[in-house]
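This report refers to the structure that appears directly beneath it.
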Amino acid sequence: MSARRPLRRIGCAAAALALVLSVAACSSGTKTSSAAASDPAAAPTDGVLTVGLLGDIGQPPDPDIYYANNGTAIMINAYEGLVQYKNDTDQVEIAPRLAESWEVNSTNDVYTFHLRKGVTFHDGTPFTSAAVDVAFQRRIAVKGGAAYMVAGVTKVETPDDYTAVVHLDAPNTAFLSYLASPFGPKMESPTGLQANAGSDNAQTYLTTHDLGTGPYQLTTAQTGVKYTLTRYDGYWGTKSPFTTVELPVYTDPSALELAFDNGTVDTIVAALPSSSLGKYTGNSAVSNYFLPTLQGAMVTVNPSHAFFADAPARVAFLKSIDQSALVSQVLGQRSEVATTMYAKGMIPGGQDKQAISYDASALKDYVAGLPAGTEKKLVIGYANGNVNAQSMTNIVVANLQAAGLDASAQGYDTSTVFGWINDPTQGPDAFIDGNNGPDGGDPYMWGHVFWDASGGINYFGCQSTEVNDLLNQAVGTGDTATYVKAGDLYGQTGCFLNLSYNKDWVVARPWLTGVPASQNLGANELNFSLLGIGS
């Protein structure tokens, strides 16, 4: 239940850009600018939907390896898990996918899944319960970033072809969320894995092919250029009129915007900066959707530095941050002010209310009371390439300077950010994430990764043994009150402030239908099979 991925949400564009050497504005098989120029707003008549990617997917499109952003579109369209999060809602709710129903025993360590019949893998072989254990075992074998999700599985019983009984080594109420996560284990053809195993558990094969059951098959994978999904006609579920989905790679937002403007690209999902909001939200020829996610902007404070060594200093600093101003000035309509310790929708009724709120005088009063000679130099960090985080950091720094502190902003590469946990003294005094989030919608998946030093995104290792113990108790029982108490106590450390609830901003042609119904807050991408063509 520990382990985590590399930084996925912040600076993603910059990380991806570093991997891409050239712009692929008009890849083979993608609409050309000249063809689209005749009527860039017209619906396609050839069954091709073009979804522009900002930066390459960055990792092989192997569901047991992939642990980043852009490639999620491939993961949820070529592959399926046993469950998923429910689409078109801002509440965390587990929904069926390849399992039609399930039961959990009273001690939360045995999960029984009743599987959908009539499902086939893309190689034509039938999906049965035998595939569940194969998928779990492969995930453990390849040791990808999200292998922790099945690490607690001790055995999978298959009493018949359509029942899988999963036994865990300890009670875990987050297990369904692990399976619903876009990074959770996906079902892969056991026959295909064996036939293409090679010497690396089929990892080489899955860089350019897929072995899933999803509505689309991966038919082209050209790193840094484009990916193509082709509709699987044997799919058990809804079939879209789009027989082909092209995913061309663009290396910067302006190139991607130009492609959308000239009709080369039909839709862009969560890839444009907030600075482009004004260009599209007032344009009647464009449909804009702001869809819920588990992502948010947040502040992490470094207690290893002298100024923030004590909680009162950290709390005073966090109180000096005007959340409403940051959201309205920088993030705009794609975000709303966060009021809870966990992501929106994780705790019923918003019981996890965040105690720290804006107080313009708190930090000034704290600074005024410091002994003469106290060091007042602070550095506030952000991820290089994250324009929103940089803008928010600049505003925070200006406010710190107004409070009498010698503050400055500094950008850091992603690899540097993740090195701070080994020596927090090397990091800045605080760090602002423009967009970050957990692997899934269970509160344990939020509290563990952001507040426990072993969780993966607690950059400066600020933790409380009591909070960690409460989280570990809660994951075994699912008790909401325990999660709320853990959040309250962590809020008192002054090491963390949840700034905003971020949304996926989707820019699309007006003829593209089904956009909200195709998105769920866990995946942050569209299920292309649920999209259609309107008038």
Side-chain angles (χ1 to χ4, degrees), residues 296-332 335-341 352-383 386-412 420 424-434 436 450-451 458-464 487-501:
M298 56 197 71
V299 182
T300 306
V301 186
N302 190 345
S304 75
H305 287 198
F307 190 87
F308 286 140
D310 298 320
R314 301 191 292 265
V315 170
F317 163 61
L318 295 179
K319 285 185 173 181
S320 76
I321 297 174
D322 187 345
Q323 287 180 254
S324 296
L326 285 183
V327 169
S328 63
Q329 292 177 30
V330 179
L331 301 176
S335 300
E336 60 183 295
V337 174
T339 59
T340 57
M341 287 297 295
D352 53 322
K353 188 172 177 57
Q354 196 163 238
I356 292 177
S357 58
Y358 177 54
D359 179 348
S361 64
L363 186 60
K364 289 182 179 178
D365 292 345
Y366 179 83
V367 171
L370 291 173
T374 299
E375 176 64 53
K376 297 179 181 177
K377 187 173 184 179
L378 297 178
V379 175
I380 310 302
Y382 60 90
N386 192 312
V387 176
N388 290 339
Q390 183 176 2
S391 298
M392 288 189 285
T393 302
N394 288 336
I395 293 172
V396 168
V397 164
N399 289 336
L400 292 174
Q401 292 169 345
L405 295 164
D406 179 14
S408 62
Q410 184 172 332
Y412 296 88
W420 293 334
T425 63
Q426 298 303 307
D429 295 277
F431 185 79
I432 295 181
D433 273 326
N436 209 341
F450 289 121
W451 306 336
N458 185 340
Y459 307 123
F460 307 123
C462 179
Q463 66 177 353
S464 155
D488 286 344
L489 289 176
Y490 196 73
Q492 293 174 22
T493 67
C495 290
F496 172 91
L497 182 65
N498 199 9
L499 288 175
S500 67
Y501 306 131

What I'd like to find out is whether the side chain of [X] reaches to under 4.5 Å of the side chain of [Y], using heavy atoms alone.
| X | Y | answer |
| --- | --- | --- |
| V327 | L499 | no |
| Y412 | V379 | yes |
| M392 | I321 | no |
| L326 | V396 | yes |
| N399 | S320 | no |
| P428 | W420 | yes |
| L405 | F307 | yes |
| F496 | N458 | no |

Given N388, which of V330, I432, T393 fulfils the side chain to side chain contact (heavy atoms under 4.5 Å, CB included) condition? V330
To the nearest 0.5 angstrom, please state how far the [atom1] atom of [X] sits from the [atom2] atom of [Y].
| X | Y | atom1 | atom2 | value |
| --- | --- | --- | --- | --- |
| M341 | L497 | CE | CG | 8.5 Å |
| T300 | L318 | OG1 | CG | 9.5 Å |
| Q463 | T493 | CD | OG1 | 10.5 Å |
| Y382 | Q390 | OH | CD | 3.5 Å |

Identify the heavy atoms of [X] and [Y] that sit nearest to each other, and give their distance.
| X | Y | answer |
| --- | --- | --- |
| G491 | I356 | O-CD1, 3.9 Å |
| Y490 | C462 | OH-O, 2.6 Å |
| C495 | P303 | SG-CG, 4.4 Å |

Under the side-chain contact (heavy atoms from CB on, under 4.5 Å) criterion, do Q323 and S500 qualify, and how do the steps go? CA-CA 8 Å; Q323 287 180 254; S500 67; over 6 Å; no
Is the side chain of [X] donor-acceptor paired with the backbone N or O of [Y] at a distance under 3.5 Å, no angle test?
| X | Y | answer |
| --- | --- | --- |
| N498 | T340 | yes |
| D433 | N436 | no |
| Q401 | A407 | yes |
| H305 | A430 | no |

Verdict with supporting geometry, Y366 and K319, side-chain contact (heavy atoms from CB on, under 4.5 Å): CA-CA 11 Å; Y366 179 83; K319 285 185 173 181; over 6 Å; no
If we count only N and O atoms by modelled type, under 3.5 Å, do the side chains of E336 and Y501 hold a donor and an acceptor together? no
Establish, from distance only, whether the side-chain atoms of D359 and S357 form a donor-acceptor pair under 3.5 Å. no
side-chain contact (heavy atoms from CB on, under 4.5 Å) evaluation trace for D322 with Y358: CA-CA 5 Å; D322 187 345; Y358 177 54; 3.7 Å; yes
Step-by-step side-chain contact (heavy atoms from CB on, under 4.5 Å) determination, D429 to F317: CA-CA 11 Å; D429 295 277; F317 163 61; over 6 Å; no
